[in-house]
Enquirer: 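Attaching a single structure in structure tokens format; questions to follow.
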Amino acid sequence: MREREGRRKPLKQNKGSSLITVLAVITIVMVVVFSVLAMAYRYYMSESGSIFRQKGDEAARSLSEELGDELIKTSCATAEQAAAAGGLWQYLRSHMGQPGWLYFNSGKFSERKPYDGGSDVYAVDLSELKADSLEAAKKTFALEAVSVGGSADNEVPEMEVALYWEPGKYTDRLNDSRVYIEVSCRMGDHVTVITKRYKLSTMPFAEGNNSMEVAEDGSYKYQNWVWTYDGEI
């Protein structure tokens with residue numbers, strides 16, 4: 001009996017060694033599997049982020065161009081047409097230079113001076129309209145997306161438009177002023193921001209004969225506004 005027990009000991013040792021080998025192999029396989037899963041997840045997140053960036057960039061660029069076209073393509077030949085105009089063109093004409101909208105000083109125009117004569121008779125008091133910060137000068141609008149099914153789609157971007165302006169080279173005229181249109185788009189964790197600048201040229205409508213009549217919104221009734229693209233910042 002003693003001899004048989006002595007002979008079984010190597011067999012038990014072999015079984016223990018085999019179990020350790022199996023556990024080691026399983027552990028290695030699990031490490032490999034988890035590594036592959038981690039790589040796949042990182043790849044998925046990278047591709048997902050790339051798609052979000054692409055969609056966000058396209059949405060922001062498209063909205064920015066649409067707003068710019070609406071502004072520079074609005075053309076009025078008479079005061080009646082100006083009063084009937086809508087959209088962004090009319091909003092700026094009704095609010096720029098008014099007490100409810102302060103301007104931001106970017107430092108681009110370091111030496112502003114009073115208007116030195118010409119066709120622009122429409123003076124504006126800018127002395128009390130300077131904002132303390134850029135945020136204080138912005139007018140921000142959030143665009144709400146409504147899906148056909150009545151619920152928000154996860155792939156619909158969150159869009160905001162911020163407007164701010166600054167006088168040009170004059171201390172008492174809106175002529176040569178700039179307006180900035182900042183479009184921001186959020187898709188997932190990615191945010192795209194596009195800011196474009198537009199230059200204002202003011203001139204009187206011929207029919208007004210330099211009349212200083214003021215419309216209900218505070219703007220000069222016979223002053224025409226023309227916008228041109230002035231670059232992206």
Side-chain angles (χ1 to χ4, degrees), residues 44-76 81-106 108 129-167 174 177-201 215-219 224-233:
Y44 169 77
M45 293 302 295
S46 175
E47 287 299 306
S48 177
S50 177
I51 293 173
F52 280 157
R53 283 193 297 273
Q54 182 178 357
K55 288 185 176 180
D57 292 348
E58 290 176 354
R61 183 69 59 183
S62 176
L63 179 58
S64 179
E65 291 177 357
E66 186 70 24
L67 292 172
D69 287 345
E70 179 183 337
L71 186 59
I72 64 179
K73 290 182 179 180
T74 300
S75 177
C76 300
Q81 291 179 358
L88 182 58
W89 188 91
Q90 189 63 265
Y91 180 87
L92 296 178
R93 188 169 184 260
S94 300
H95 291 83
M96 280 179 59
Q98 303 296 329
W101 193 4
L102 305 179
Y103 72 82
F104 171 68
N105 186 16
S106 68
K108 178 179 180 180
L129 295 183
K130 184 178 178 181
D132 295 331
S133 65
L134 175 57
E135 291 304 316
K138 284 184 178 181
K139 295 285 188 181
T140 303
F141 307 88
L143 279 65
E144 296 184 1
V146 179
S147 64
V148 177
S151 59
D153 190 337
N154 291 332
E155 294 195 3
V156 174
E158 299 177 19
M159 306 286 288
E160 280 191 353
V161 177
L163 307 174
Y164 58 97
W165 69 282
E166 68 173 325
L174 290 178
S177 293
R178 267 69 167 178
V179 71
Y180 298 80
I181 303 178
E182 177 187 283
V183 175
S184 61
C185 174
R186 177 180 293 276
M187 285 288 295
D189 294 331
H190 178 71
V191 179
T192 300
V193 179
I194 296 175
T195 304
K196 293 184 178 181
R197 181 177 58 231
Y198 298 85
K199 179 182 177 181
L200 172 64
S201 296
E216 292 183 1
D217 59 11
S219 64
N224 189 17
W225 286 29
V226 177
W227 292 97
T228 55
Y229 179 64
D230 196 41
E232 184 173 340
I233 64 172

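Predicted, not measured: the structure shown is a model, and the values here were computed from it.
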Enquirer: Does the pair K55/E58 count as a salt bridge with the N-to-O cut at 4.0 Å?
Expert: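 Salt bridge absent between K55 and E58.
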Enquirer: Would Y180 and Y103 count as a ring pair (Phe, Tyr, Trp, His ring centres under 6.0 Å) if you check the C-alpha gap in whole Å, the side-chain angles of each, and the deciding distance to 0.1 Å?
Expert: CA-CA 11 Å; Y180 298 80; Y103 72 82; over 10 Å; no
Enquirer: Is the shortest side-chain heavy-atom distance between F104 and W165 below 4.5 Å?
Expert: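 Result no, sub-4.5 Å side-chain heavy-atom pair not found.
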Enquirer: Might you point out which heavy atoms bring S219 and Q98 nearest each other, and give the distance in Å?
Expert: N-NE2, 3.9 Å
Enquirer: Hey, could you give me each pair passing side chain to side chain donor-acceptor pair (under 3.5 Å) that has a residue in residues 62-71? Not counting sequence neighbours.
Expert: none
Enquirer: Shortest non-hydrogen contact from L63 to M159?
Expert: CD2-CE, 3.4 Å
Enquirer: Which atom names give the shortest non-hydrogen contact between W227 and Y198, and what distance separates them?
Expert: CZ3-O, 3.5 Å
Enquirer: What distance do L88 atom CG and T74 atom OG1 have between them, rounded to the nearest 0.5 Å?
Expert: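 Rounded to the nearest 0.5 Å, the CG-OG1 separation comes out at 8.0 Å.
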Enquirer: Does a side-chain heavy-atom distance below 4.5 Å link L163 with K138?
Expert: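 When only atoms from C-beta onward are counted, K138 and L163 do not touch, as no gap falls below 4.5 Å.
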Enquirer: Measure across A60 and V183 and return the closest heavy-atom pair with its distance rounded to 0.1 Å.
Expert: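 Closest approach of A60 to V183: O-CG1, 3.8 Å.
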Enquirer: Is there any salt bridge (charged side-chain N to carboxylate O under 4.0 Å, His left out) pair reaching into residues 224-233, and which pairs are they, with sequence neighbours excluded?
Expert: R61-E232, K108-D230, R178-D230, R197-D230
Enquirer: Got a second to check how far C76's SG is from W89's CH2, nearest 0.5 Å?
Expert: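 One gets 4.0 Å once the value is rounded to the nearest 0.5 Å.
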Enquirer: Taking all non-hydrogen atoms of both residues into account, name the closest pair between L129 and G97 and its distance.
Expert: CD1-O, 3.6 Å
Enquirer: Search all heavy atoms of D217 against all heavy atoms of S94 and return the closest pair with its distance.
Expert: OD2-OG, 2.6 Å
Enquirer: Return the set of residues passing salt bridge (Lys or Arg N to Asp or Glu O under 4.0 Å) with E160 (not counting sequence neighbours), or none when no residue passes.
Expert: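 In terms of salt bridge (Lys or Arg N to Asp or Glu O under 4.0 Å), with neighbours along the sequence ignored, E160 is linked to no residue.
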Enquirer: Distance-only, no hydrogens or angles: does the W225 side chain make a donor-acceptor pair with backbone N or O of S201 under 3.5 Å?
Expert: no
Enquirer: Are D57 and H190 close enough that some pair of their side-chain heavy atoms sits under 4.5 Å apart?
Expert: yes
Enquirer: Measure the spacing between CE of M96 and NZ of K139 and express it to the nearest 0.5 Å.
Expert: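 It is 12.5 Å, given to the nearest 0.5 Å.
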Enquirer: Do the side chains of T192 and R53 get nearer than 4.5 Å, heavy atoms only?
Expert: no
Enquirer: Roughly how far apart are K199 NZ and I72 CD1, rounded to 0.5 Å?
Expert: 14.5 Å
Enquirer: Please check: side-chain N/O of E158 versus main-chain N/O of M187, any donor-acceptor pairing under 3.5 Å?
Expert: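 No; zero donor-acceptor contacts below 3.5 Å.
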Enquirer: Find out whether V161 and L67 are in side-chain contact, i.e. whether some heavy atom of one side chain is under 4.5 Å from a heavy atom of the other.
Expert: yes
Enquirer: Among L71, L200, L174, whose side chain to side chain contact (heavy atoms under 4.5 Å, CB included) with L92 holds?
Expert: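 Among the candidates, only L71 passes.
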Enquirer: State the OH-CD1 distance between Y164 and I181, to the nearest 0.5 angstrom.
Expert: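 Output value for this atom pair is 10.5 Å.
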